[in-house]
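Values below: every heavy atom of this structure, side chains too, minus hydrogens, waters and symmetry copies.
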Amino acid sequence: MRFSISCLYIILIAFVLAYLIVGEPAQYCRFGHGTAEATVDFCLGITVHYNASSGDNDLYASMQVTRSSALGWTAVGTGSMMAGSLMFIIYGNPFSSEHTAPVVSIRTIDGHHQPHLLSSNDTGAADIQLLHAEWFPLSNRKRDQASMAKVALVCYSCEKWPGTLVSADATAQPWIWAWNAKQEFDSYPDDVHLKMHEHHASSGGWGRFYVDMARSVDRGSTVPSVPPIRPGISALGASDIPGGWSWMDPVVHIHGFLMSAAFMILYPAGVFAMRSGSPKAFKYHSIVQLIASAFLLVGMAIGLIRAHKIDSFHHYIGLTAAVLSIIQITLGWRHHIVFVRIQRRQWASYSHIWLGRGFLLLGWTNVITGLLLTGRGWSLISVAASFISIVALALIGWVWFATRQRKREPQADWEDDDSIYALQATRDDYFAVAADDDDDDADNSRSSSGDVSSGVKVRKEDTE
């Protein structure tokens with residue numbers, strides 16, 4: 001246990017220190033492919049790198065566009081409107097026998113009409129370059145063929161873009177997206193004339209989103225890799241309104257409170273109680289752990305209702321933790337019943353202890369991934385990671401101290417062949433979870449022997 005939690009502590013401290021240097025990529029996605037409406041499907045990942053040599057901020061972007069035909073185009077751009085926007089427009093035939101790469105047309109416009117390719121006069125001091133573009137098949141079956149365009153770009157000194165303001169300090173930088181699902185192309189030059197998208201945002205032809213650019217700033221000395229796209233996550237540091245939806249959703253708050261309280265407070269408190277040395281240690285431990293498990297199961301149910309589907313690492317961890325909590329309760333109950341009878345640990349005891357340690361690590365991981373999933377900034381995540389690190393250290397210290405104290409206790413303090421109250425004290429400490437017929441059998445056995453305390457050696461508490 002010491003080794004595993006110590007490793008976690010080191011990882012979390014490194015995680016917090018990395019926050020001071022390395023930003024976390026922001027991400028915004030719309031998953032419309034394969035839905036009944038068959039709407040736009042794209043993801044945008046963003047990292048801002050402070051370039052010490054130029055003294056400017058460089059914007060690195062990854063894009064993924066999923067489609068099932070060669071029709072139409074998909075675009076994202078800076079700003080809240082087309083005028084002055086730096087636009088990245090993707091189109092092409094992913095199913096061509098020539099295996100051509102997707103076309104990435106980088107354009108801008110000074111009004112609401114056909115965008116034109118960038119020229120040196122358009123970019124000012126900024127420098128925009130395409131790093132990579134490739135199609136990736138998602139299915140080999142013709143009846144449901146689909147392909148994904150993966151694109152990487154960089155905009156050097158992007159804050160010097162003369163059009164729409166691009167700020168590395170913005171916490172709600174506006175971006176726009178648009179798509180056309182029906183345009184047919186005879187060929188695919190990068191300056192092809194584009195047909196109009198739907199006129200109204202409500203029709204799904206275009207929309208806006210907002211990105212917390214400040215959280216993605218990387219101040220490392222080396223050039224970062226292009227930001228990865230995390231599968232199944234619709235937003236990290238991004239939202240459909242300035243500031244984000246998650247803080248406005250009380251259901252998210254309730255889910256986060258229940259799960260955080262369970263894993264960061266109640267479950268650790270149950271461990272502290274079990275190792276407290278109190279005559280009622282087991283009683284306190286079981287009550288606190290049952291409350292924590294209730295928090296976990298209710299929080300999981302709320303999370304599933306809120307999510308509608310299971311499609312992220314956080315969801316899988318949460319479901320695993322919920323199942324393990326039931327197993328833990330069962331093992332703890334089994335351990336107690338057998339321990340009362342034989343006064344020593346057995347397979348259920350050790351399974352309960354070691355599964356509990358892994359269960360706690362899993363829960364702490366889920367708290368962090370939950371914060372990441374909501375798109376919260378690194379400041380809140382670093383606070384949570386620091387708190388978990390403190391709890392982990394406290395648990396290590398408390399278990400070590402309790403173990404040393406137990407070893408120092410004289411055997412006579414807790415073991416007495418002649419004590420008439422030895423067995424009864426043990427049963428009181430466990431608040432009698434054994435069945436009544438077990439009690440009767442034990443009483444009959446003692447009566448027949450003629451000595452209520454003969455040959456009984458017990459400990460007053462179960463020190464796991």
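Relative ring orientation between Phe42 and Tyr28 is described as tilted, the plane-to-plane angle lying within the 30° to 60° band. Ring geometry for Tyr60 against His49 counts as perpendicular: the plane angle is over 60°, on a 0 to 90° scale with 30° as the lower cut.
Rounding to the nearest 0.5 angstrom, the gap separating the CE atom in Met148 from the CZ atom in Phe136 is 9.5 Å. Rounded to the nearest 0.5 angstrom, Arg30 CZ and Thr66 OG1 are separated by 14.0 Å. Atom-to-atom distance recorded for Asp58:CG and Glu159:CD is 9.5 Å, nearest 0.5 angstrom. Annotation: the span from Leu360 atom CG to Ile388 atom CD1 amounts to 9.0 Å, rounded to 0.5 Å. One distance of note links OG1 of Thr78 with CD of Gln173; it measures 7.0 Å at 0.5 Å rounding. The line from CG of Leu59 to OG of Ser167 is 11.0 Å long, rounded to the nearest 0.5 Å.
With a 6.0 Å radius and a threshold of 12 heavy atoms from other residues, nucleotides or ligands, Phe257 has its CZ atom at or below the threshold.
Residues satisfying the ring-ring contact (aromatic ring centres under 6.0 Å, His included) criterion with Phe359, sequence neighbours excluded, are Phe263, Tyr267.
Under a 3.5 Å cut-off, the side chain of Ser325 and the backbone N or O of Ala322 do form a donor-acceptor pair. A donor-acceptor contact shorter than 3.5 Å links the side chain of Asp41 to the backbone of His33. The closest donor-acceptor contact from the side chain of Gln27 to the backbone of Ala238 lies at 3.5 Å or more, if one exists at all. Distance alone, capped at 3.5 Å, places no donor-acceptor pair between the Ser216 side chain and the Ala26 backbone. Under a 3.5 Å cut-off, the side chain of Ser147 and the backbone N or O of Pro94 do not form any donor-acceptor pair. Arg208 places no side-chain N or O within donor-acceptor distance of the main-chain N or O of Trp175, the cut-off being under 3.5 Å. A donor-acceptor contact shorter than 3.5 Å is absent between the side chain of Ser239 and the backbone of Ala235. Looking only at distances, no side-chain donor or acceptor of His197 sits under 3.5 Å from a matching main-chain atom of Ala178.
What you find for Asp240 and Tyr210 is that their closest heavy atoms are O-CE1, 3.7 Å. Scanning all heavy atoms of the two residues, the minimum distance from Ser62 to Val226 falls at OG-CB, 3.7 Å. Taking every heavy atom of both residues into account, Ile233 and Cys29 meet most closely at O-SG, 3.6 Å.
Side-chain contact, Thr369 with His314: a donor N or O sits under 3.5 Å from an acceptor N or O.
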